[in-house]
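Reviewing the structure listed below.
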2 protein chains.
Amino acid sequence: MVKREKNNEKRTALLKATLSLVNNNGFHDAPMSKIAKLTGVSPATIYLYFDSKQDLINQLYVEVKASFCECAFNEYDESLPIKKGFEIIWKNIAHYKFKNIEEAVFLSQCDNTPMIDETSKEEGLKHLQPLIDLWERGKTEKIIKPISSYLLYAYTIYPLAFLMNMQKKDKNQLDENCLENAFQAAWDSIRI
Amino acid sequence: MVKREKNNEKRTALLKATLSLVNNNGFHDAPMSKIAKLTGVSPATIYLYFDSKQDLINQLYVEVKASFCECAFNEYDESLPIKKGFEIIWKNIAHYKFKNIEEAVFLSQCDNTPMIDETSKEEGLKHLQPLIDLWERGKTEKIIKPISSYLLYAYTIYPLAFLMNMQKKDKNQLDENCLENAFQAAWDSIRI
DNA sequence: ACTAAAAGAATGAACGTTCATTCTTTAAAT
DNA sequence: ATTTAAAGAATGAACGTTCATTCTTTTAGT
């Protein structure tokens, strides 16, 4: 739903405030009034940029997911060897999750909750195709186990969400060494 | 908070209705009025069994988590060899998550959301100690990688949550073969 | 065993508050 | 002068919770 082109700053500020509130209070305690107050605008102004609260949260999800996926394939090249290509994507994702911890926590909350429309969720998932392609290539080259992409994702990418949540709670500090161990575990779980 | 001893059925029915509503609608769209209606009682009746909505959801979380952890260590014995002991616990957990998919989805929603009090969350986490002990034993016996328990959990148990969510959306059917692959991936990621 | 009184459960209606959203007015930009 | 952006006030609906009251069960007195 396209509304305004002008003053994208305000729109971005609204998205940012929403992210912060949903992260800290949960969707059930992130009312429009608080979003407006935190942004420094009137509640009515939100409706110049978004159709509804649901529209706001859906757009936020899709945009954060897009920025995540864009980051994931930075410097990735399909001609790279399987393991090297996987390592680049994996580390891109890992770095995103620990540099942009608020965004990552938000995504994990969305992915485990019915708060986002199913259609928006599917839209957000499409951008990961190059990783799935890489895995398929790895399977035919007998480098990666011949198991479903869901399994491969569950054991390589998904664990990062847990580590990140622990990181946020200061339960597990993630240094370079820990990251290397994590990558090794991911790779060991799927390599033949 | 101890309230009534009598008529535990109604209390259980309230918990069950809450679980179902939160799962399908999210916490933000599971009002007391709907919980009451689904249970077939008056809204006021809820407050004979629980202090508040927050108390209701906290108690639900703690009890579901407890039943999950109880199931996890069924037939487990500390004298078992590392791999066998791990396999038993892992498969217990896997079976719980796929036999009690509603409960498991609920737990994953709670664990990724600020909807549960932090104290209740910590209470729920305590019961997993035997698994951590097993891992420690595995490390000293040089069977399991010398990495933190958070990493071990992230790569062996946490992935099941993803598989289960996919299962619920009918995206990934989990047969016995897939389960075996999943266990192998889990073990491969942490064994030396 | 029967009845009356007390206690415990449960209720629907109503409370004050807060919600998402809209209406009306003002300020700013063109 | 006209249009657009923003604001604040206002809206009905819905929220969590409590209220006064009524059923239902238990207790006690005969």
What is the distance, to the nearest angstrom, from the [atom1] atom on [X] to the [atom2] atom on [N]?
X: A:K34; N: C:dA20; atom1: NZ; atom2: P; answer: 10 Å
X: A:K53; N: D:dA14; atom1: NZ; atom2: P; answer: 15 Å
X: A:I35; N: C:dC19; atom1: CD1; atom2: P; answer: 11 Å
X: B:L56; N: D:dT17; atom1: CG; atom2: C1'; answer: 13 Å
X: A:K37; N: D:dA7; atom1: NZ; atom2: P; answer: 14 Å
X: B:D29; N: D:dA13; atom1: CG; atom2: C1'; answer: 14 Å
X: B:L14; N: D:dT17; atom1: CG; atom2: P; answer: 14 Å
X: B:M32; N: D:dC15; atom1: CE; atom2: P; answer: 12 Å

For B:V41 and A:Q54, take the nucleotide of DNA chain C holding the closest heavy atom to each; which residue's nucleotide lies nearer the 5' end?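 Per heavy-atom nearest nucleotide, the more 5' residue is B:V41.
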Of the listed nucleotides ([options]), which one gets closest to any side-chain atom of [X]?
X: B:A44; options: D:dC19, D:dG16, D:dA7; result: D:dC19
X: B:L48; options: D:dA6, C:dT21, C:dA10; result: C:dA10
X: B:P31; options: D:dC15, C:dG12, C:dT21; result: D:dC15

Assess the side chains of A:N92 and A:N74: does a donor N or O sit below 3.5 Å from an acceptor N or O?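 No.
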Can you tell me if [X] touches the phosphate of [N], counting only side-chain N or O atoms and a distance under 4.0 Å to OP1 or OP2?
X: B:S42; N: C:dA10; answer: no
X: A:Y49; N: D:dA6; answer: yes
X: B:K10; N: C:dA9; answer: no
X: A:S33; N: C:dC19; answer: yes

A:Q54, CD atom: more than 12 neighbouring heavy atoms under 6.0 Å: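 Yes, because the 6.0 Å sphere around CD of A:Q54 holds more than 12 heavy atoms from other groups.
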Decide if the gap between the ring center of A:F27 and the ring center of B:F27 is smaller than 6.0 angstrom.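 So the answer is no for these two rings.
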As a test of understanding, state which of A:V64, A:L128, A:L131 forms a side-chain contact (heavy atoms from CB on, under 4.5 Å) with A:C69.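 Filter result, single survivor: A:L128.
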Which label fits A:Y153 and A:W135: parallel for a plane angle under 30°, tilted from 30 to 60°, or perpendicular past 60°?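 Aromatic pair A:Y153/A:W135 classed perpendicular.
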